[in-house]
*Asks:* 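Can you read through this structure? Questions will come right after.
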Amino acid sequence: MPASSGRAAGVDLGEVVVYVGPRCHFVHYGLRGGELLNQVAVFGEVTSTGR
């Protein structure tokens, strides 16, 4: 998303931020010298074995 959008306000685009939780991870970081904000989310699936 463009860093000029309201959602990117207050985000330090010079840092990589990682949130790690049970069966989900979220990463965001700036691209193109802070012109863009990239976000990556990964969600795991709970199986019948609980893994």
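Predicted model, so just to flag it, every value in this text is computed and none were measured.
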*Asks:* To which residues is F26 joined in a hydrophobic cluster, defined by side-chain heavy-atom contacts under 4.5 Å among Ile, Leu, Val, Met, Phe, Trp and Tyr, whether direct or through other members?
*Replies:* V17, Y19
*Asks:* Please give me the minimum heavy-atom distance between L31 and N38, naming the atom from each residue.
*Replies:* CD1-CB, 3.6 Å
*Asks:* Are V40 and F43 co-members of a hydrophobic cluster defined by side-chain heavy atoms under 4.5 Å apart?
*Replies:* no
